[in-house]
There are 2 protein chains.
Amino acid sequence: MTIDDAPREALRGGPRELLRWVATGAAVSRADLSRLSGLSPSTVSQRVEALINQGLLEETGAGRSRGGRRPRQLAVPTGGAVVGAIDLGAHHARVGTLDLSGRVVQARTLPVRIEEGPEQVLGSLLAEVAALAASPGDPTSAGPVSSASTADGDPGALRGLGIGIPGPVQHATGRIVSPSRMPGWNGFDVAAFCAGRVDVPIIVDNDANLMALGAHRTAHSELDHAVYIKAGTGIGSGVISSGRLHRGAQGSAGDISHCRVVADPAPLCSCGNAGCLEAVASGAALVTALREQGVTVSDLTGVIRLIDDGDRHATALARQAGRAIGEILAVVVNFFNPQVVAIGGRLADCEPLLASMRATLYERCLPLATQTLLIERVAASQDVGITGAAHLVIDHVVAAN
Amino acid sequence: MTIDDAPREALRGGPRELLRWVATGAAVSRADLSRLSGLSPSTVSQRVEALINQGLLEETGAGRSRGGRRPRQLAVPTGGAVVGAIDLGAHHARVGTLDLSGRVVQARTLPVRIEEGPEQVLGSLLAEVAALAASPGDPTSAGPVSSASTADGDPGALRGLGIGIPGPVQHATGRIVSPSRMPGWNGFDVAAFCAGRVDVPIIVDNDANLMALGAHRTAHSELDHAVYIKAGTGIGSGVISSGRLHRGAQGSAGDISHCRVVADPAPLCSCGNAGCLEAVASGAALVTALREQGVTVSDLTGVIRLIDDGDRHATALARQAGRAIGEILAVVVNFFNPQVVAIGGRLADCEPLLASMRATLYERCLPLATQTLLIERVAASQDVGITGAAHLVIDHVVAAN
DNA sequence: CCACTTTCTTCGACTACCGAATCAAGTCGG
DNA sequence: CCGACTTGATTCGGTAGTCGAAGAAAGTGG
């Protein structure tokens, strides 16, 4: 079962937002929710009642008085229903379960060999999701978790599944469209494949889109326009416009990996052109370039270690990558004029790259566009992808009651 | 009196949309409106009644039967209220009045010397708007029109005024922010100045934004995401995202004039940088470049004539300009993934430029992004700016009843 | 014990919309 | 020329979602 369309509302005081406010601790009582949402107390009461009836919210006794009647505290039930999320990367996948407010219940990182093909890779990841969903939740777990299903607590029922793919995805159908670096995946219908194994709503999207959604919901939910760059093995971006994920006409919005940048010599890209951003500034490109310079390096982790150690070849490449990203981002910022640009992915922790990107951005953008622009690192980078995936799923599950 | 915010609704079957459907001839009866809007017949009846009471719509007898009862035809009253619009350019201004459905009632083009400063220029344009509003409308007028105020017919009352400025405008306040090529205008508060002379709601925006809005409403209203390039003396763009004008955080969205492009030699831009799009591909840049090659040319019109005549220097420059625009636009298309890119402004009629732009776009964009992308010329280019201005104003005037 | 605050619910009222029924006014086949 | 059928528009409850006022519930502080 696939879901075809984006959430229509969920913005102004929708059930999802109330849930999120409670989950994040921004609101503890109905009165808090009323103040935050701007809705009248009566409306909030109604909505909260509905949420409680749906089992999405519960009352947990009274709070401390602030000079008047004590608030009846609200909380998101633990051990309740969860959604599953998979953030697939080139070499690793982050798999987790999240409660219906979007908080991570359990998560673990698994090594992945993407070239084994979709059936193999997705098959084992789906099994992992099922195992996590069946095991009791440990809300603060972040690292690997035993998936042994013990008998205590009610294992939350799986309500939906969100999957992020490191390549172009037609969000409407859940199909992968000519990805680079994913041999054997072209045209594969992820949603259909998963629907055959798990009987819950499934949403498939590009990994950068999910990172954008996750980061926006957790860190920038008050900002209308935001751009998130994911710089890892590949390079992608996700766009938030008017508070909502912007997918564009074909669902390919944010795919800046094959924008041309100036580079000398211009390296050949897997797409057949030369000088693509991805061929200059992606993690894969850095590995290749270093090897061509005779440096022995195993993978992106090795490159980052070299940069941290101050290796000049690696650092120079990182700076070039930063400038290349900044160059493209400058056009994006001028054109789109976001409130924030945030960079995530494994290269986001690479200081020289970040510094060069910043410099290029400030140099090449309109002062008007950068004067209040935030340029940040994506926070909680590790779980931001699965968080976005979960939010997307929950928006549907909750909206559909 | 200034208006601070964008229209919140006006999208799904709002009063404005009904009005527009009638105005454009897409709908003639209530039944048509019901089919188009998806609203129930009863709702449409209600709305239409309200519009009629407001004087925004009228019944004009019965139409032809299609096998049943004859429809009661609806029309936008002529000779009724109008809004004024000014589309200011570097050397000319288009001034007009439009009825409340957004159709041009009267319009004329006036020569302008922008360097005379805002008081002088705006003063005479405001006088012209007043004269047009006071004179009886000739609905089909497109060229210069006598502004003599004859006594026949009820001169429509002016309900609002929209102004497009060829430079960066803070839409919220109506203030101009460090424009190139507008000496004496920096920081000028257009809205406040006009408010002192005309007592109607006033909206000020960038000319490219208005072109975008006008073109989208008239030609692409069914498309969600669109980008419009205005290539005249300067270069700007306007963005439609999810059917609405996207202004961005600072209101500077779409300002791609100072994005860097590859050019050899990279001409200096008025902003102090070299290789800005505006310094390579704008009309002003073409004039400058031709003169530097020793060609005697008076202005942009002269350049266009040279290109039409097949002058090789001029044509080469036009091609370079087209490539430069295409280069930036490629990033924009990859990033934003619009359904349509349309080019307007005086350079839009320049075939070599358009051809180069198209070629660059197809070469440098993701196939996924271009496979269904429309690349067009902006239609009805002359009046599209004032149309956009009027729409913006009407959205407020009608929404506010 | 009383005045006041804070929290939450109850109860009309209002708005916007829809659907069904109905009225209005045609066409068209016999 | 007369019904049967179509199409167009209105009337009239009914429903959903929201608000505001009032008030009940449960505190604090003097």
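Throughout, a chain's letter reflects where its sequence line sits, starting with A, and its residues are numbered from 1. Just the heavy atoms: all of them, side chains too, but no hydrogens, waters or symmetry mates, feed the values below.
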side-chain N/O A/Arg66 vs D/dT28 OP1/OP2, d < 4.0 Å
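No, A/Arg66 has no side-chain N/O under 4.0 Å of OP1/OP2 on D/dT28.
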Check DNA chain D against residues 22-31 of chain A and give the residues with a non-hydrogen atom under 4.0 Å, in numerical order.
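Those residues: none at all.
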Identify the pairs formed between an N or O of the protein and an N or O of nucleotides 19-21 of chain C at a distance under 3.5 Å, and give each distance.
residue, atom, partner, partner atom, Å
C/dG19, O6, B/Ser42, OG, 2.9

Checking [X] now: which residues fulfil side chain to side chain contact (heavy atoms under 4.5 Å, CB included) with it, not counting sequence neighbours?
X: B/Ser42; value: B/Ser40
X: B/Ser29; value: B/Ala31, B/Asp32, B/Pro71
X: A/Ala62; value: A/Arg70
X: A/Ala226; value: A/His216, A/Tyr228, A/Ile240, A/Val340

Earlier contact from the 5' end, DNA chain D, for B/Arg72 and A/Gly38:
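Taking each residue's closest nucleotide, the earlier one in sequence belongs to B/Arg72.
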Listed partners of [X] passing side chain to side chain donor-acceptor pair (under 3.5 Å), at least two apart:
X: A/Arg69; answer: none
X: B/Ser241; answer: A/Ser241
X: A/Asn206; answer: none
X: B/Gln46; answer: none

Send over the distance from [X] [atom1] to [N] [atom2], rounded to a whole Å.
X: A/Gln73; N: C/dT6; atom1: CD; atom2: P; result: 18 Å
X: A/Glu49; N: C/dT7; atom1: CD; atom2: P; result: 20 Å
X: A/Leu39; N: C/dT7; atom1: CG; atom2: P; result: 17 Å
X: A/Leu51; N: D/dG17; atom1: CG; atom2: P; result: 13 Å
X: B/Leu74; N: D/dT10; atom1: CG; atom2: C1'; result: 14 Å
X: A/Arg47; N: D/dG17; atom1: CZ; atom2: C1'; result: 8 Å

Aromatic rings B/Phe336 and A/His246: how do their planes relate, parallel, tilted or perpendicular, breaks at 30° and 60°?
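Because their plane-to-plane angle is under 30°, the rings of B/Phe336 and A/His246 count as parallel.
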Judged by atom type as modelled, is there a donor-acceptor pair below 3.5 Å linking the side chain of B/Asp205 to the main-chain atoms of B/Asn209?
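Absent.
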Could you work out which one of C/dT27, D/dT18, C/dC17 sits closest to the side chain of B/Gln46?
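So the nucleotide nearest the side chain must be C/dC17.
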Show each protein N/O and nucleotides 23-25 of chain C N/O combination with a separation under 3.5 Å, one pair to a line.
residue, atom, partner, partner atom, Å
C/dA24, O4', B/Arg69, NH1, 3.3
C/dA25, N3, B/Arg69, N, 3.2

Touch class at under 4.0 angstrom, heavy-atom based, for B/Arg64 against every strand present:
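The answer is nothing, as B/Arg64 stays clear of every strand by at least 4.0 Å.
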Sequence-distant partners of B/His391, ring-ring contact (aromatic ring centres under 6.0 Å, His included), two or more places apart:
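Per chain and number, B/His391 pairs via ring-ring contact (aromatic ring centres under 6.0 Å, His included) with no residue.
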